[in-house]
Amino acid sequence: MSKVFAANRSNVLVDGKALEGLQSLVFRVMTEREDIRAVGSDERVDVIFGLRSVQGELVVRSTSIELDTLLQARGKFQLVASLKRSAEEEGKRTLSFDDCYVESKSFAMEAGNTVITTYGFTATRVREE
C-alpha cells in the first residue's frame, strides 16, 4: 500500500536550514545505458549501464538568497527533504541529495501574481530512508 505524503507537512533543508518560500521540488534519476548488439541480428543481447546522475528543480516563491549565493559561488551543498503524511505522524520518509550544485536559475513574473524563481540543480546521488 502506498503512502500519501502532504506537501504542506513536509520540509526541505539546504545545508541544514529550511528553504523558505519553496513551492515544489522535482527530481529525476538517470542512468546511462548502452545496448550490446547481436552480430547479424537486430536485437540486443545485453545492456551496459554507466554513470547515474540526479537532476532536479526547486521552485521558490520570490527568490532564495541562499541558492543565489550557491549559484554565484559554485558552492556544494546538501539537500534534505523530510516527507510526512501528517503533523503528528512519527513515521516519515527522508530524501538526502548529496554533493549538490545549483546549475541554473530562471525567473518568472506575471501580472497579478508573485515572482517565481526556478533553480536547477544536480546531485551525485539521492538516498531514500
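Here the structure is a predicted model, which means the values were calculated and not measured.
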Is it true that Val60 and Val115 fall in one hydrophobic cluster, defined by side-chain heavy atoms closer than 4.5 Å? no
Determine, using the 4.5 Å side-chain heavy-atom cutoff (strictly less than), whether Leu95 and Val54 are members of one ILVMFWY cluster. yes
Counting distance only, does the side-chain N/O of Tyr119 pair as donor-acceptor with the main-chain N or O of Ser64 below 3.5 Å?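 Looks like yes, one N/O pair under 3.5 Å.
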Checking Thr117 side chain against Ser62 main chain: does a donor-acceptor pair fall under 3.5 Å?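 Confirmed, Thr117 side chain pairs with Ser62 backbone.
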Between Asp35 and Arg37, is there a side-chain N and carboxylate O pair less than 4.0 Å apart?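 Salt bridge flag = no for Arg37 with Asp35.
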Report yes if some heavy atom in the side chain of Gln78 is under 4.5 Å from a heavy atom in the side chain of Asp98; otherwise report no.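 Yes; the side chains approach each other to less than 4.5 Å.
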As an exercise, state the distance from [atom1] of [X] to [atom2] of [Y], rounded to the nearest 0.5 Å.
X      : Y      : atom1 : atom2 : value
Ile116 : Glu110 : CD1   : CD    : 8.5 Å
Asn11  : Ser82  : CG    : OG    : 4.5 Å
Arg74  : Lys76  : CZ    : NZ    : 15.5 Å
Ile48  : Ile36  : CD1   : CD1   : 3.5 Å
Arg125 : Ser53  : CZ    : OG    : 12.5 Å
Ser104 : Leu71  : OG    : CG    : 8.0 Å

What do the steps show when you test Thr118 against Glu57 for side chain to side chain donor-acceptor pair (under 3.5 Å), and what is the final call? CA-CA 6 Å; Thr118 302; Glu57 291 183 344; 5.6 Å; no
Name all residues meeting the salt bridge (Lys or Arg N to Asp or Glu O under 4.0 Å) criterion together with Glu128; count only those two or more places apart in sequence or in a different chain, and write none if there are none.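 Here the qualifying residues are Arg93.
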Picking from Leu13, Leu70, Asp99, what satisfies side-chain contact (heavy atoms from CB on, under 4.5 Å) with Phe77? Leu70
Verdict with reasoning, Tyr101 to Phe121, per ring-ring contact (aromatic ring centres under 6.0 Å, His included): CA-CA 5 Å; Tyr101 291 93; Phe121 72 93; over 10 Å; no
Begin from the C-alpha positions of Thr31 and Leu51 and carry the test side chain to side chain contact (heavy atoms under 4.5 Å, CB included) through to its verdict. CA-CA 6 Å; Thr31 304; Leu51 178 69; over 6 Å; no
Looking only at side chains, do Thr122 and Glu103 share a donor and an acceptor under 3.5 Å apart?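 The answer is yes; a qualifying pair exists.
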